[in-house]
**Q** 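Before we start, here is the structure in question, set down as C-alpha coordinates.
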There are 2 protein chains.
Amino acid sequence: MSQRNTGVTPQFIEEACPIVEVLDHVAGKWAIGIIVAAARGPVRFTELERTVNGISRRMLTLTLRKLERDGLLVRTVYPTVPPKVEYSLTDIARELHESLSLLVDWAERHRGTISAARRSYDTAAAS
Amino acid sequence: MSQRNTGVTPQFIEEACPIVEVLDHVAGKWAIGIIVAAARGPVRFTELERTVNGISRRMLTLTLRKLERDGLLVRTVYPTVPPKVEYSLTDIARELHESLSLLVDWAERHRGTISAARRSYDTAAAS
DNA sequence: CAGCATCCATGGCGATACTG
DNA sequence: CAGTATCGCCATGGATGCTG
(Lines give C-alpha, C1' and ligand atoms only; values in the text may rest on other atoms or scores of the structure.)
Protein backbone atom coordinates (compact mmCIF):
# COMPACT_ATOMS: atom_id res chain seq x y z
CA MET A 1 0.00 0.00 0.00
CA SER A 2 2.88 2.36 0.55
CA GLN A 3 5.25 3.07 -2.30
CA ARG A 4 7.36 5.65 -0.56
CA ASN A 5 10.44 5.31 -2.66
CA THR A 6 8.87 5.27 -6.09
CA GLY A 7 7.12 8.00 -7.96
CA VAL A 8 3.96 5.93 -7.83
CA THR A 9 1.67 7.18 -5.12
CA PRO A 10 -0.99 5.03 -3.52
CA GLN A 11 -3.51 7.49 -4.84
CA PHE A 12 -2.40 6.83 -8.38
CA ILE A 13 -2.84 3.13 -7.95
CA GLU A 14 -6.26 3.52 -6.43
CA GLU A 15 -7.35 5.71 -9.31
CA ALA A 16 -5.97 3.32 -11.85
CA CYS A 17 -7.26 0.12 -10.36
CA PRO A 18 -10.80 -0.03 -9.02
CA ILE A 19 -10.37 -3.72 -8.38
CA VAL A 20 -7.62 -3.17 -5.87
CA GLU A 21 -9.51 -0.27 -4.41
CA VAL A 22 -12.62 -2.30 -3.73
CA LEU A 23 -10.80 -5.24 -2.40
CA ASP A 24 -8.78 -3.19 -0.03
CA HIS A 25 -12.06 -2.14 1.50
CA VAL A 26 -14.04 -5.29 1.29
CA ALA A 27 -11.50 -8.04 1.63
CA GLY A 28 -10.02 -7.06 4.97
CA LYS A 29 -10.46 -10.60 6.26
CA TRP A 30 -13.32 -9.51 8.53
CA ALA A 31 -15.45 -7.34 6.28
CA ILE A 32 -17.10 -10.18 4.43
CA GLY A 33 -17.96 -11.96 7.62
CA ILE A 34 -19.62 -8.87 8.95
CA ILE A 35 -21.53 -8.18 5.77
CA VAL A 36 -22.77 -11.73 5.60
CA ALA A 37 -23.76 -11.61 9.25
CA ALA A 38 -25.62 -8.34 8.82
CA ALA A 39 -27.33 -9.48 5.66
CA ARG A 40 -30.39 -10.94 7.29
CA GLY A 41 -31.23 -7.93 9.40
CA PRO A 42 -29.86 -5.37 11.85
CA VAL A 43 -27.20 -6.76 14.14
CA ARG A 44 -25.86 -5.56 17.44
CA PHE A 45 -22.22 -5.16 18.35
CA THR A 46 -21.95 -8.07 20.74
CA GLU A 47 -23.93 -10.25 18.42
CA LEU A 48 -21.33 -9.66 15.74
CA GLU A 49 -18.56 -10.31 18.19
CA ARG A 50 -19.99 -13.77 18.75
CA THR A 51 -21.02 -14.46 15.17
CA VAL A 52 -17.86 -13.49 13.35
CA ASN A 53 -15.49 -16.25 14.28
CA GLY A 54 -12.27 -15.19 15.96
CA ILE A 55 -12.58 -11.43 15.58
CA SER A 56 -11.20 -9.23 18.33
CA ARG A 57 -13.11 -6.29 19.74
CA ARG A 58 -10.64 -3.90 18.26
CA MET A 59 -10.86 -5.28 14.75
CA LEU A 60 -14.61 -5.44 14.94
CA THR A 61 -14.77 -1.76 15.78
CA LEU A 62 -12.27 -0.78 13.12
CA THR A 63 -13.94 -2.80 10.42
CA LEU A 64 -17.38 -1.50 11.32
CA ARG A 65 -16.11 2.07 11.06
CA LYS A 66 -14.52 1.40 7.72
CA LEU A 67 -17.68 -0.12 6.33
CA GLU A 68 -19.76 2.69 7.73
CA ARG A 69 -17.42 5.20 6.17
CA ASP A 70 -17.75 3.53 2.80
CA GLY A 71 -21.51 3.75 3.01
CA LEU A 72 -22.04 0.02 3.31
CA LEU A 73 -23.31 -0.01 6.86
CA VAL A 74 -25.69 2.22 8.75
CA ARG A 75 -25.08 2.66 12.44
CA THR A 76 -28.14 3.34 14.58
CA VAL A 77 -27.73 4.30 18.21
CA TYR A 78 -30.60 3.88 20.66
CA PRO A 79 -30.04 6.27 23.55
CA THR A 80 -31.05 3.77 26.19
CA VAL A 81 -29.27 2.51 29.29
CA PRO A 82 -27.40 0.38 28.61
CA PRO A 83 -26.74 1.68 25.11
CA LYS A 84 -27.87 -0.29 22.13
CA VAL A 85 -26.35 0.03 18.68
CA GLU A 86 -27.51 -1.67 15.54
CA TYR A 87 -25.78 -2.08 12.23
CA SER A 88 -27.65 -2.73 9.01
CA LEU A 89 -26.68 -3.00 5.38
CA THR A 90 -27.31 -0.23 2.91
CA ASP A 91 -28.74 -0.99 -0.52
CA ILE A 92 -25.40 -1.11 -2.24
CA ALA A 93 -24.08 -3.41 0.47
CA ARG A 94 -27.02 -5.73 -0.05
CA GLU A 95 -26.15 -5.77 -3.72
CA LEU A 96 -22.57 -6.56 -2.80
CA HIS A 97 -23.76 -9.33 -0.57
CA GLU A 98 -25.25 -11.16 -3.52
CA SER A 99 -21.90 -11.22 -5.28
CA LEU A 100 -20.23 -12.31 -2.09
CA SER A 101 -22.68 -15.15 -1.69
CA LEU A 102 -21.54 -16.50 -5.02
CA LEU A 103 -17.98 -16.33 -3.82
CA VAL A 104 -18.86 -18.15 -0.64
CA ASP A 105 -20.74 -20.78 -2.61
CA TRP A 106 -17.74 -21.26 -4.84
CA ALA A 107 -15.57 -21.64 -1.76
CA GLU A 108 -17.79 -24.27 -0.26
CA ARG A 109 -18.10 -26.18 -3.50
CA HIS A 110 -14.36 -26.39 -4.04
CA ARG A 111 -13.07 -26.54 -0.53
CA GLY A 112 -12.19 -30.19 -0.81
CA THR A 113 -10.56 -29.83 -4.19
CA ILE A 114 -8.44 -26.95 -3.02
CA SER A 115 -7.10 -28.59 0.09
CA ALA A 116 -6.38 -31.72 -1.92
CA ALA A 117 -4.46 -29.63 -4.44
CA ARG A 118 -2.52 -28.08 -1.62
CA ARG A 119 -1.63 -31.42 -0.12
CA SER A 120 -0.45 -32.79 -3.43
CA TYR A 121 1.58 -29.65 -4.09
CA ASP A 122 3.23 -29.95 -0.71
CA THR A 123 4.12 -33.60 -1.03
CA ALA A 124 5.52 -33.00 -4.50
CA ALA A 125 7.72 -30.26 -3.08
CA ALA A 126 9.02 -32.63 -0.40
CA SER A 127 10.78 -34.69 -3.05
CA MET B 1 -4.28 -15.21 11.95
CA SER B 2 -2.36 -16.20 15.08
CA GLN B 3 -4.28 -16.70 18.30
CA ARG B 4 -1.40 -17.86 20.42
CA ASN B 5 -2.79 -16.81 23.74
CA THR B 6 -6.26 -18.18 23.34
CA GLY B 7 -7.38 -21.74 23.07
CA VAL B 8 -8.58 -21.02 19.55
CA THR B 9 -6.14 -22.32 17.00
CA PRO B 10 -5.94 -20.98 13.45
CA GLN B 11 -6.84 -24.45 12.29
CA PHE B 12 -10.06 -24.33 14.20
CA ILE B 13 -11.04 -21.06 12.65
CA GLU B 14 -10.25 -22.29 9.17
CA GLU B 15 -12.33 -25.39 9.74
CA ALA B 16 -15.19 -23.40 11.12
CA CYS B 17 -15.24 -20.61 8.60
CA PRO B 18 -14.79 -21.45 4.92
CA ILE B 19 -15.46 -17.85 4.11
CA VAL B 20 -12.38 -16.68 5.91
CA GLU B 21 -10.43 -19.55 4.49
CA VAL B 22 -11.24 -18.68 0.90
CA LEU B 23 -10.69 -15.03 1.32
CA ASP B 24 -7.36 -15.50 2.92
CA HIS B 25 -6.32 -17.21 -0.26
CA VAL B 26 -8.12 -15.20 -2.84
CA ALA B 27 -8.28 -11.76 -1.37
CA GLY B 28 -4.60 -11.17 -0.86
CA LYS B 29 -4.81 -7.84 -2.62
CA TRP B 30 -2.95 -9.21 -5.67
CA ALA B 31 -4.63 -12.53 -6.29
CA ILE B 32 -7.70 -11.07 -7.92
CA GLY B 33 -5.65 -8.90 -10.20
CA ILE B 34 -3.67 -11.90 -11.33
CA ILE B 35 -6.71 -14.06 -11.87
CA VAL B 36 -8.43 -11.38 -13.88
CA ALA B 37 -5.29 -10.84 -15.94
CA ALA B 38 -4.89 -14.53 -16.61
CA ALA B 39 -8.54 -15.00 -17.45
CA ARG B 40 -8.26 -14.33 -21.17
CA GLY B 41 -5.44 -16.75 -21.79
CA PRO B 42 -1.97 -17.85 -20.66
CA VAL B 43 0.18 -15.03 -19.33
CA ARG B 44 3.89 -14.71 -18.88
CA PHE B 45 5.64 -13.52 -15.76
CA THR B 46 6.80 -10.16 -17.03
CA GLU B 47 3.45 -9.58 -18.66
CA LEU B 48 1.80 -9.91 -15.27
CA GLU B 49 4.40 -7.67 -13.72
CA ARG B 50 3.32 -4.93 -16.10
CA THR B 51 -0.39 -5.67 -16.08
CA VAL B 52 -1.01 -5.93 -12.37
CA ASN B 53 -0.66 -2.37 -11.25
CA GLY B 54 1.91 -1.70 -8.56
CA ILE B 55 2.88 -5.26 -7.73
CA SER B 56 6.47 -5.98 -6.76
CA ARG B 57 8.43 -8.85 -8.20
CA ARG B 58 8.49 -10.53 -4.85
CA MET B 59 4.75 -10.36 -4.29
CA LEU B 60 4.06 -11.51 -7.82
CA THR B 61 6.16 -14.62 -7.26
CA LEU B 62 4.65 -15.34 -3.88
CA THR B 63 1.09 -14.88 -5.06
CA LEU B 64 1.66 -17.01 -8.13
CA ARG B 65 3.03 -19.81 -5.98
CA LYS B 66 0.10 -19.57 -3.61
CA LEU B 67 -2.42 -19.74 -6.42
CA GLU B 68 -0.58 -22.61 -8.03
CA ARG B 69 -0.56 -24.45 -4.73
CA ASP B 70 -4.30 -23.99 -4.38
CA GLY B 71 -4.85 -25.46 -7.81
CA LEU B 72 -6.05 -22.24 -9.37
CA LEU B 73 -3.12 -21.70 -11.68
CA VAL B 74 -1.09 -24.01 -13.87
CA ARG B 75 2.54 -23.16 -14.39
CA THR B 76 4.08 -24.26 -17.67
CA VAL B 77 7.81 -23.97 -18.24
CA TYR B 78 9.24 -23.95 -21.76
CA PRO B 79 12.87 -25.06 -21.56
CA THR B 80 14.13 -22.45 -23.97
CA VAL B 81 16.82 -19.80 -23.66
CA PRO B 82 15.84 -17.41 -22.33
CA PRO B 83 13.29 -19.32 -20.27
CA LYS B 84 9.60 -18.82 -20.85
CA VAL B 85 6.94 -19.52 -18.26
CA GLU B 86 3.22 -19.29 -18.76
CA TYR B 87 0.45 -19.23 -16.21
CA SER B 88 -3.10 -20.21 -17.03
CA LEU B 89 -6.28 -20.63 -15.05
CA THR B 90 -7.64 -24.01 -14.09
CA ASP B 91 -11.33 -24.79 -14.47
CA ILE B 92 -12.22 -23.95 -10.91
CA ALA B 93 -10.32 -20.69 -11.21
CA ARG B 94 -12.27 -19.82 -14.32
CA GLU B 95 -15.42 -20.47 -12.35
CA LEU B 96 -14.10 -18.24 -9.61
CA HIS B 97 -13.34 -15.59 -12.16
CA GLU B 98 -17.01 -15.28 -13.01
CA SER B 99 -17.88 -14.49 -9.43
CA LEU B 100 -15.01 -12.07 -9.24
CA SER B 101 -16.21 -10.30 -12.35
CA LEU B 102 -19.48 -9.57 -10.59
CA LEU B 103 -17.51 -8.13 -7.71
CA VAL B 104 -15.47 -5.98 -10.04
CA ASP B 105 -18.63 -4.82 -11.80
CA TRP B 106 -20.15 -3.89 -8.49
CA ALA B 107 -17.01 -1.97 -7.63
CA GLU B 108 -17.06 -0.01 -10.83
CA ARG B 109 -20.76 0.73 -10.56
CA HIS B 110 -20.54 2.12 -7.06
CA ARG B 111 -17.11 3.65 -7.06
CA GLY B 112 -18.47 7.15 -7.17
CA THR B 113 -21.07 6.53 -4.49
CA ILE B 114 -18.50 5.04 -2.19
CA SER B 115 -15.97 7.83 -2.44
CA ALA B 116 -18.77 10.35 -1.99
CA ALA B 117 -19.88 8.52 1.15
CA ARG B 118 -16.33 8.59 2.38
CA ARG B 119 -15.98 12.29 1.82
CA SER B 120 -19.22 13.06 3.58
CA TYR B 121 -18.25 10.80 6.48
CA ASP B 122 -14.91 12.57 6.81
CA THR B 123 -16.31 16.08 6.72
CA ALA B 124 -18.95 15.13 9.27
CA ALA B 125 -16.20 13.86 11.56
CA ALA B 126 -14.30 17.15 11.21
CA SER B 127 -17.10 18.94 13.06
C1' DC C 1 -23.30 -2.63 26.25
C1' DA C 2 -20.43 -0.54 23.04
C1' DG C 3 -16.23 1.28 22.21
C1' DC C 4 -11.80 3.96 22.66
C1' DA C 5 -6.77 4.16 23.98
C1' DT C 6 -2.47 2.02 24.57
C1' DC C 7 1.13 -1.24 24.11
C1' DC C 8 3.40 -4.61 21.54
C1' DA C 9 4.47 -8.80 18.37
C1' DT C 10 4.24 -10.56 13.94
C1' DG C 11 4.69 -10.71 9.30
C1' DG C 12 3.19 -8.55 4.89
C1' DC C 13 5.32 -6.33 1.62
C1' DG C 14 8.50 -3.16 -0.96
C1' DA C 15 13.39 -2.36 -2.57
C1' DT C 16 17.22 -4.29 -4.37
C1' DA C 17 20.95 -7.23 -5.80
C1' DC C 18 22.17 -11.63 -7.54
C1' DT C 19 21.49 -16.19 -10.63
C1' DG C 20 20.49 -20.18 -14.14
C1' DC D 1 13.39 -13.97 -18.74
C1' DA D 2 12.00 -15.61 -14.54
C1' DG D 3 12.90 -15.92 -10.70
C1' DT D 4 15.54 -16.35 -5.45
C1' DA D 5 17.76 -14.18 -1.34
C1' DT D 6 18.19 -10.72 1.99
C1' DC D 7 16.99 -6.68 4.54
C1' DG D 8 14.08 -3.56 6.85
C1' DC D 9 9.91 -0.72 7.54
C1' DC D 10 5.45 -0.10 9.16
C1' DA D 11 0.67 -1.67 9.03
C1' DT D 12 -2.19 -5.28 10.82
C1' DG D 13 -4.10 -6.93 14.45
C1' DG D 14 -4.19 -9.24 19.32
C1' DA D 15 -4.48 -8.28 24.49
C1' DT D 16 -6.09 -5.50 27.89
C1' DG D 17 -7.83 -1.93 30.78
C1' DC D 18 -10.78 2.28 31.03
C1' DT D 19 -15.29 4.94 30.05
C1' DG D 20 -20.26 6.90 29.18
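Quick note on labels: first sequence line is chain A, next is B, and so on, each numbered from 1.
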**Q** Residues in side chain to side chain donor-acceptor pair (under 3.5 Å) with B:E86, at least two apart?
**A**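 Testing B:E86 for side chain to side chain donor-acceptor pair (under 3.5 Å), a comparison that skips the adjacent residues, returns B:Y78.
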**Q** Can you pull out the residues from residues 63-75 of chain B that lie within a 4.0 Å heavy-atom distance of DNA chain D?
**A**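 Per residue number, the list reads B:R65, B:R75.
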**Q** Among D:dC7, C:dC4, D:dG14, which nucleotide sits nearest the side chain of B:R58?
**A**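 Ranking D:dC7, C:dC4, D:dG14 by closest atom to the B:R58 side chain puts D:dC7 first.
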**Q** If the condition is salt bridge (Lys or Arg N to Asp or Glu O under 4.0 Å), which residues does B:E95 pass it with, not counting sequence neighbours?
**A**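 Checked B:E95 against salt bridge (Lys or Arg N to Asp or Glu O under 4.0 Å); matches are A:R109.
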**Q** Using the side-chain contact (heavy atoms from CB on, under 4.5 Å) criterion, which residues pair with A:A117? Sequence neighbours excluded.
**A**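 With neighbours one apart ignored, the set is empty.
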**Q** To the nearest 10°, let me know how far the axis at one end of the helix from C:dC1-D:dG20 to C:dG20-D:dC1 is tilted from the axis at the other, five pairs an end.
**A**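 One end's axis against the other's: 50°.
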**Q** Among all residues two or more places apart in sequence or in another chain, which pass the side-chain contact (heavy atoms from CB on, under 4.5 Å) test with A:V81?
**A**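 Result, side-chain contact (heavy atoms from CB on, under 4.5 Å) vs A:V81: none returned.
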**Q** If you take any heavy atom closer than 4.0 Å to DNA chain C, which residues from residues 76-90 of chain A end up in contact?
**A**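 Residues of residues 76-90 of chain A that come under 4.0 Å of DNA chain C are, in numerical order, A:P82, A:P83, A:V85, A:Y87.
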**Q** Can you find a heavy atom in the side chain of B:L64 that is under 4.5 Å from one in the side chain of B:L60?
**A**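 Yes. Closest side-chain heavy atoms under 4.5 Å.
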**Q** Under the salt bridge (Lys or Arg N to Asp or Glu O under 4.0 Å) rule, collect the residues that match up with B:R119, sequence neighbours excluded.
**A**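 None.
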**Q** Can you name the side-chain contact (heavy atoms from CB on, under 4.5 Å) partners of B:S56, sequence neighbours left out?
**A**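 side-chain contact (heavy atoms from CB on, under 4.5 Å) check on B:S56 returns B:R58, B:M59.
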**Q** Using a 3.5 Å cut-off and no angle test, enumerate the donor-acceptor pairs between side-chain atoms of residues 40-50 of chain B and protein atoms at least two apart in sequence or in another chain.
**A**
from	atom 1	to	atom 2	distance (Å)
B:E47	OE1	B:R44	N	3.1
B:E49	OE2	B:R57	NE	3.1

**Q** Return the residues of residues 39-46 of chain B meeting this criterion: a heavy atom under 4.0 Å from some atom of DNA chain D. Order them by number, or give none.
**A**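 Residues of residues 39-46 of chain B under 4.0 Å from DNA chain D: B:R44, B:F45, B:T46.
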**Q** List, one per line, each side-chain donor-acceptor pair under 3.5 Å for residues 67-74 of chain B, sequence neighbours excluded.
**A**
from	atom 1	to	atom 2	distance (Å)
B:R69	NH1	A:D122	OD1	2.8
B:R69	NH1	A:D122	OD2	2.5
B:D70	OD1	A:R118	NE	3.0

